[in-house]
Amino acid sequence: MATAPAPTTAAPAPPAAAVAVPSASVPRGQVDLVDFIDWTGVECLNQDPAHPIANAFKQGYREDDGLHLASDSDEQLLIYIPFMQVIKLHSVLFKGPEEEGPKSVKLFSNKEHMGFSNVNDFPPSDSVDLSSSHLLESKPVTLKYVKFQNVRSLTMFIEDNQSGADITQIQKIALYGTTVDTTNMKDLKKIEEH
Amino acid sequence: MVLESTMICIDNSEWMRNGDYSPSRFQAQADAVNLICGAKTQSNPENTVGVMTMAGKGVRVLVTPTSDLGKILACMHGLEVGAEANLAAAIQVAQLALKHRQNKRQQQRIIVFIGSPVTYDKKMLEQIGKKLKKNNVALDVVDFGEADDEKPEKLEALIAACNSSDSSHIVHVPPGEHALSDVLISTPIFTGEEGGSGFAASAAAAAATGATGYDFGVDPNVDPELALALRLSMEEERARQEAIAKKAAEESSGADNKEASSSNTDSVMADAEPASNASADDKGDQPKDDDDADLLQKALAMSMDEGASGAAAVADAAMAEAAADDQDLALALQMSVQDAEMPGQSDMSKVFEDRSFVTSILNSLPGVDPNDPSVKDLLASLHGQAEQEENKDKSDKADKPEDGKN
């Protein structure tokens, strides 16, 4: 985390253009993992039903700054993200307002059935302290890559927000990494008989 | 089609032995639980329902959430009633059971039946409610039985703390003639947020109309043609009965005025009269007399049909006696005599000779004004005609109607 993420060659693009060129923030050699998420299993605890997780997480919705994910009864959020195949997670990106944006984020790999009551029972795989510059400029935060080499599901615990407000808001969440090579059934070809 | 996983917390504390909900609180609760389990599993094939008890030897999960309705219903049998319900522990255990559900797409819901008093204070319940809300768990409460110690207020506070976008509900069911399950069937707890689908909606509709609410015991939705035929038949019969009643009313009002105005009767009637009259005398009480009079009236009408209606035997004495003894009997006799007289033209004219009688009949007819000049003219002409005929006859009969008049 100490080293800033290596920007791509086209990094000097202004933040406002991030919507137009989303690929600009993707770290070199990594891909956006949005295509590998098992959406049927995604769960967000303490989300405001009027501002669900899809607003910040789904392609298209997350690019719209008008749509955001918000917490309901207090500032904490717990997001469970299963993947359709094993992935390696390199970095995460959070975008949110300066005041209500998330601050402390704890990430757990392969921890099913987590609740607010047992978030402190396990050591997080990595924890991230977001600054307002991360939130406003959509800068990806690099994680401890070695801790996320074999990820089937990811749990993100958002502990608090920048100003200590009652409601946390997130406009965009993006995960960058690579897929672990698995057998692609489509590549299998029938052996022709001679 | 809400996809959800439900935990039902049933109250099996000592308070459930009370019989203020028929047959007992516990049995009424069991019926309601069966109903809800059925509705939940029917509304979506992937829905799961679990059951747990709140009292007895501590909170116990009987069935973890499953879509197997048989398993759910079976666990309800042979439950022991005892000890006190632990609401706070039960809700938290239920939440834990829901957290470990297999299918994360299922929304979480806890349904709590609470018939015993709530010992926890409001603040604690609000805390639990907030925790549920944070974990995206909806909570439904069925409050019945004991209502002391601000129990409804406490439960309302619990729901208020947990409610998120109107997903949690509370129902207070007072003891009364309605079964617990019947009351629940029309509440959002049973029908769900979208007003119920399939099974729930039809069951709610059936409850609204009531099991015996259909006419003729036929559901018009099942067989509309049969229902229509039955309805038409019933309306025809009703119209027929109304017509008969109207006719009878007219006849009796006419006969009232004509009472003893005519003295002609049959020998048949004279024969029948003394016996029935005697029997009427025997029975002193008035209602019986009325019954007898009715029966007599029928018997007389029948005999008149059979007997020679033209036989103009005079039975003045018998008639007078009957009138003195029994007004109803006299009336009946008059009516039957009137029937017999109608066919004869001369008898008819005699009837019309009696002005007061004709006027009274006209009075009783709907839509006829006896004071109308045209009607008066008609009556006058009729009367004149009759007199002319009588004059021609020059018989001693001419004075007879005046004699008979009282």
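All chains are named by letter (A, B, ...) in the order of the sequence lines, taking the proteins before the strands, and each is independently numbered beginning at 1.
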Visitor: Rounded to the nearest 0.5 Å, how far does OG of Ser117(A) lie from CD of Gln95(B)?
Guide: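 Rounded to the nearest 0.5 Å, the CD-OG separation comes to 6.5 Å.
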Visitor: Answer with side chain, backbone, both or neither: which region of Ser71(A) has an atom nearer than 4.5 Å to a non-hydrogen atom of chain B?
Guide: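 When you check distances to chain B, no heavy atom of Ser71(A) falls under 4.5 Å.
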Visitor: Quick one: does Lys104(B)'s side chain get under 4.5 Å of Pro82(A)'s, heavy atoms only?
Guide: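 Contact flag for Lys104(B)/Pro82(A) side chains = no.
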Visitor: With a 6.0 Å cut-off (strictly less than), is the heavy-atom count around CD of Glu98(A), excluding the residue itself, greater than 12?
Guide: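 Not more than 12 within 6.0 Å, no.
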Visitor: Does any heavy atom of chain B fall under 4.5 Å from the side chain of Asp38(A), the backbone, both, or neither of them?
Guide: neither
Visitor: Rounded to the nearest 0.5 Å, what separates atom CG in Asn135(B) from atom CG in Leu78(A)?
Guide: 8.5 Å
Visitor: Check the surroundings of atom CD in Gln102(B): do more than 12 heavy atoms from other residues, nucleotides or ligands lie under 6.0 Å from it?
Guide: no
Visitor: For Arg17(B), is the CZ atom crowded, meaning more than 12 foreign heavy atoms sit under 6.0 Å from it?
Guide: yes
Visitor: With a 4.5 angstrom heavy-atom cut-off, is it the side chain or the backbone of Glu112(A) that approaches chain B, or both, or neither?
Guide: neither
Visitor: Can you tell me which portion of Lys130(B) sits under 4.5 Å from chain A's heavy atoms? Options are side chain, backbone, both or neither.
Guide: backbone
Visitor: Can you establish whether the number of heavy atoms outside Glu150(B) located under 6.0 Å from its atom CD is more than 12?
Guide: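 Not more than 12 within 6.0 Å, no.
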Visitor: Does atom CG of Asp166(A) have more than 12 heavy-atom neighbours from other groups under 6.0 Å away?
Guide: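 Result for CG/Asp166(A): open.
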Visitor: Heavy-atom distances under 4.5 Å only: say whether Gln108(B) touches chain A with side chain, backbone, both or neither.
Guide: side chain
Visitor: Tell me whether the count of non-hydrogen atoms from other residues, nucleotides or ligands lying under 6.0 Å of NE2 in His172(B) goes above 12.
Guide: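 Enclosed: over 12 neighbouring heavy atoms sit under 6.0 Å from NE2 of His172(B).
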Visitor: Counting only heavy atoms from other residues, nucleotides and ligands, does the tally under 6.0 Å from OH of Tyr61(A) exceed 12?
Guide: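 Open.
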Visitor: So, taking the atom named NE2 in His100(B) and the one named NE2 in His113(A), what distance separates them when rounded to the nearest 0.5 Å?
Guide: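 Result: 6.5 Å between the selected atoms.
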Visitor: Scan Asp74(A), Asn46(A), Asp72(A) and name whichever one has a side chain to side chain donor-acceptor pair (under 3.5 Å) with Lys134(B).
Guide: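 That would be Asp74(A); it is the only one of Asp74(A), Asn46(A), Asp72(A) passing the side chain to side chain donor-acceptor pair (under 3.5 Å) with Lys134(B).
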